[in-house]
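First up is the structure itself, then whatever we jot down about it.
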Amino acid sequence: MKQQTLFSDSNEERPYVKGELARMIFHNDSEHFSIASIKVHETNEDFDEKSLVIKGHFSPLEEGEAYIFYGEFQNHKKFGMQYEVEMYNRVLPETKDGLVMYLSSDLFHGIGKKTAERIVDHLGEQAISVILEDKEALRSVPRLPKEKADQLYDALKEHQGLEHVMIHLSQYGFGLKLSQKIYEAFKDQALTIIEEDPYQLVFNVEGFGFHRADEIAKIQNLPHDHPTRIRAACLYILQKSMSDGHVYLPTEECLVQVDQLLNQGEEPSIAFEQLSEQVIHLGEERHVYVEEDRVYLPSLFFAENGFCHHLHRLLEEEVDIEHTQADLMKVIGEIEEDEAMSYGEDQFNAIEKALHSKLMILTGGPGTGKTTVIKGIIESYARLNDVSIDPSEYDSDETFPFILAAPTGRAAKRMTESTGLPSSTIHRLLGWDGHDSFERNQNNPLEGKVLIVDEFSMVDIWLANQLFRAIPSDMQVLLVGDEDQLPSVGPGQVLADLLASLQLPSVKLTEVYRQKEGSKIIQLAHDIKNDTCSEHSLVKEHDFNFIPAQESQLKELVTNIVNKAVEKGIELKELQVLAPMYRTDVGIHKLNEEIQRIVNPKSKQKRDLKFKELTFRKGDKVIQLVNQPEDGVYNGDIGEIVAIFRAEENVDGVEQVVVDYDGKEVVYPKKDLNNIMHAYCTSIHKSQGSEFSIVILPVVRSYRRMLRKNLLYTAITRSKQSLIICGDRQAFLEGVRTTDTNTRYTRLKEKLQSESKEEPVDEEELSPYDFM
Ligand SMILES: Nc1ncnc2c1ncn2[C@@H]1O[C@H](COP(=O)(O)OP(=O)(O)OP(=O)(O)O)[C@@H](O)[C@H]1O
């Protein structure tokens with residue numbers, strides 16, 4: 001899909017339809033194909049309906065924004081009149097509504113919707129130029145204090161340059177936010193740079209991708225072997241590899257991928273030497289780091305080296321042990337008596353080793369007693385060092401010796417439930433500011449004596465470095481995780497690499513205790529782990545059932561099970577459907593739609609709000625998709641929609657959805673609804689670190705591409721009381737026998753084993769998520 005060439009007026013006579021985007025109906029990422037409905041404002045064609053369905057190869061557009069579409073009408077047999085879009089542009093505010101929206105946007109501090117309306121009512125649709133020509137014009141606007149009027153005038157003046165740039169940028173279909181970022185990066189140079197070297201945006205504007213720059217470059221007829229194009233392509237390939245979990249790419253592989261990306265058109269291909277020259281150039285400019293035959297994004301280079309440095313720093317320290325073996329035996333005996341249980345041999349070893357180690361890893365499958373050991377370590381440390389484990393016994397100037405943390409909010413909450421001690425997410429522990437900076441670091445380290453981090457398999461290399469650099473040298477650290485689960489969503493496989501490096505003590509718990517209480521779920525997990533899973537492992541038990549189903553029956557079956565459970569009074573948050581894929585016919589989106597239709601149907605008593613292809617309704621179970629520390633909600637948190645407000649019902653004048661996360665309410669204005677989705681069914685990846693009483697796991701052939709041992713193992717170990725797998729036994733058995741062969745490029749193990757302990761200096765404090 002082409003967008004209009006800058007400053008071109010050649011489209012004046014072309015047939016067009018101007019309108020406001022009412023709703024994105026469909027978008028297919030791979031085909032880049034979209035269908036949307038618009039409210040028609042104006043057209044030079046013979047069409048006088050108020051709304052119209054448009055379709056074509058364009059990116060998802062923003063609802064509520066005005067666009068001009070060039071194309072042609074088609075009469076579809078089934079759907080009637082539609083508009084096939086060939087080209088489109090965004091239309092800058094020229095209407096009253098548009099101006100009000102602009103003046104009340106974040107650009108102008110202190111001007112709300114009501115004030116903006118008064119200004120436009122008073123000064124008309126030319127309000128901006130009227131004000132800029134004569135500041136005094138604002139005096140005539142009722143109830144606008146002088147101070148606010150002055151502020152608005154100053155801001156408008158300041159944005160005059162921005163205005164100019166924005167008007168032109170809007171012709172490329174950029175939204176207000178992106179245009180603003182481009183202006184901030186290049187100021188008055190913005191338009192020249194876009195026309196002469198748009199690839200610079202990839203380096204300087206967060207969220208601006210290579211393909212977008214390429215589209216603009218094509219309009220400007222820039223040469224396909226433009227040096228910045230090659231550099232931007234290399235950066236793009238590295239960013240993409242990071243999304244696949246790699247920390248670096250071998251230089252050769254990086255060049256091959258850049259070659260594939262750039263040399264796919266008809267133009268003469270760019271020589272390999274030219275490509276490698278630009279990689280060297282990128283290294284000189286410090287946009288990448290080249291280490292031997294590896295290329296890294298800077299943030300990941302500093303993360304890997306920084307983490308190694310801090311790990312070595314901690315390992316060099318001795319632990320002060322003041323108790324004797326006899327003291328320890330006595331204390332453990334007391335705890336066993338108090339708890340009316342006795343530790344298994346490996347559990348005892350784990351407690352002893354952890355107390356004597358600066359840093360230790362504790363691993364084990366479900367029910368092997370990891371939590372029991374964590375509690376044992378805390379209890380024995382407290383008794384041996386004569387400190388209390390009750391936080392309320394500490395004065396405000398005293399430091400509580402135990403720090404408990406986990407990568408997700410739900411995992412942290414579970415830690416608190418099982419230990420009775422305060423626990424938090426790693427992000428919160430480190431005082432994350434929501435971008436790339438943390439309050440806690442080597443200059444302002446954590447305070448306490450013992451740090452215990454659960455679900456460590458979920459921690460990526462970047463977060464691991466942020467955590468470790470904040471650990472003071474006199475703190476003891478226990479990392480707990482299950483090495484058979486999925487690796488972190490972010491880059492690296494820190495837990496696996498730490499274990500493989502053999503550089504720090506670790507204890508693996510193997511004896512299953514919960515199985516003794518007769519859990520089939522745990523048995524199945526261990527069968528998968530030990531590669532002994534067979535038809536026999538799938539026989540029905542009180543806590544497990546495998547219901548065979550055809551793909552075509554699946555949605556109905558899963559929905560029925562959920563519905564029956566709800567009718568029995570089971571709370572939705574106790575029950576979770578988990579699936580591996582989003583977009584197939586039986587994927588997460590379709591399952592959510594179907595379950596919502598039955599469990600929380602449209603009703604006069606319940607408000608709903610349409611957002612893109614979703615309908616959010618009061619009572620819906622939803623999941624947070626990004627970290628939002630300012631509101632205390634994090635990626636993966638699950639909540640319930642408790643209210644929906646219309647624009648006219650609140651001071652902000654926008655539609656809002658209120659979600660309750662276990663007692664904490666978060667308000668989402670409509671524009672932020674991208675941050676949540678329905679959570680009747682969630683992805684297995686997102687369920688890491690969470691547990692549910694009942695898990696329903698559809699497994700069918702069409703998921704085959706994703707079905708792997710560690711994925712299925714992670715899914716089934718999320719269930720505490722009951723597990724229902726629906727679908728195809730063979731697909732399941734084949735899945736658990738398929739190991740993940742996608743090894744991640746990481747150098748952590750080798751670096752941990754090497755002698756070098758130098759700390760790299762990361763000047764820029766970049767986060768890899770800046771690129772995601
Ligand atoms: N030595 C023991 N003697 C008796 N029961 C034990 C022992 N160790 C653990 N258990 C019991 O086994 C069950 C599982 O233990 P625990 O919760 O500590 O394991 P876990 O590895 O943390 O499991 P998960 O990862 O599934 O939460 C608990 O009910 C616990 O009380």
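We count ligands from 1, going down the list as the structure has it; atoms in each ligand are counted the same way. Keep in mind that this is a model prediction, so the values were computed, not measured.
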For [X], the ligand 1 atoms whose distance to one of its heavy atoms is below 4.0 Å:
| X | answer |
| --- | --- |
| Gly344 | 1 (N) |
| Gly365 | 21 (O) |
| Ser342 | 1 (N), 2 (C), 3 (N) |
| Thr368 | 19 (O), 21 (O) |

Output for pair (Leu524 CG, Ile716 CD1), nearest 0.5 Å, gives 3.5 Å

So CD1 of Ile694 and CD1 of Ile724: to nearest 0.5 Å the spacing works out to 6.5 Å

query = At under 4.0 Å between heavy atoms, which part of Lys370 makes contact with ligand 1: side chain, backbone, both or neither?
reply =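 Answer for Lys370: both.
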
Quiz prompt | Proximity to ligand 1 by part of Ser418, non-hydrogen separation under 4.0 Å | solution =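 Within the 4.0 Å criterion, Ser418 makes no contact with ligand 1.
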
### Query
Side chains of Ser392 and Asp390: donor-acceptor distance under 3.5 Å anywhere?
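Short answer, yes.
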
_Pair Ser473, Arg313: side-chain N/O donor-acceptor within cut-off below 3.5 Å_ =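 There is such a pair (donor and acceptor under 3.5 Å, judged by atom type) between the side chains of Ser473 and Arg313.
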
Report yes if some N/O of [X] lies less than 3.5 Å from some N/O of ligand 1; otherwise report no.
| X | answer |
| --- | --- |
| Gly369 | yes |
| Tyr343 | no |
| Thr371 | yes |
| Pro366 | no |

If you measure from the Lys or Arg side-chain nitrogens to the Asp or Glu carboxylate oxygens, is any gap between Lys358 and Glu317 under 4.0 Å?
no

Plane angle bin for Tyr394 and Phe400 - parallel if under 30°, tilted between 30 and 60°, otherwise perpendicular
perpendicular

Judged by heavy atoms only, the candidate from Glu345, Gln347, Lys720, Met341 nearest atom 26 (O) of ligand 1 is Lys720

Ranking Ile521, Thr372, Asp482 by closest non-hydrogen atom to atom 31 (O) of ligand 1, top hit is Thr372

By ring-ring contact (aromatic ring centres under 6.0 Å, His included), His589 pairs with (sequence neighbours left out) Tyr582

Output side-chain donor-acceptor pairs under 3.5 Å for residues 475-486, partner residues at least two apart or in another chain, one line each.
unit_1 : atom_1 : unit_2 : atom_2 : d
Gln476 : NE2    : Ala354 : O      : 3.3
Gln476 : NE2    : Leu355 : O      : 2.9
Gln476 : NE2    : Ser357 : O      : 2.9
Asp482 : OD1    : Asp484 : N      : 3.2
Asp482 : OD2    : Tyr713 : OH     : 2.6
Glu483 : OE2    : Lys508 : NZ     : 3.2
Asp484 : OD2    : Lys529 : NZ     : 2.6

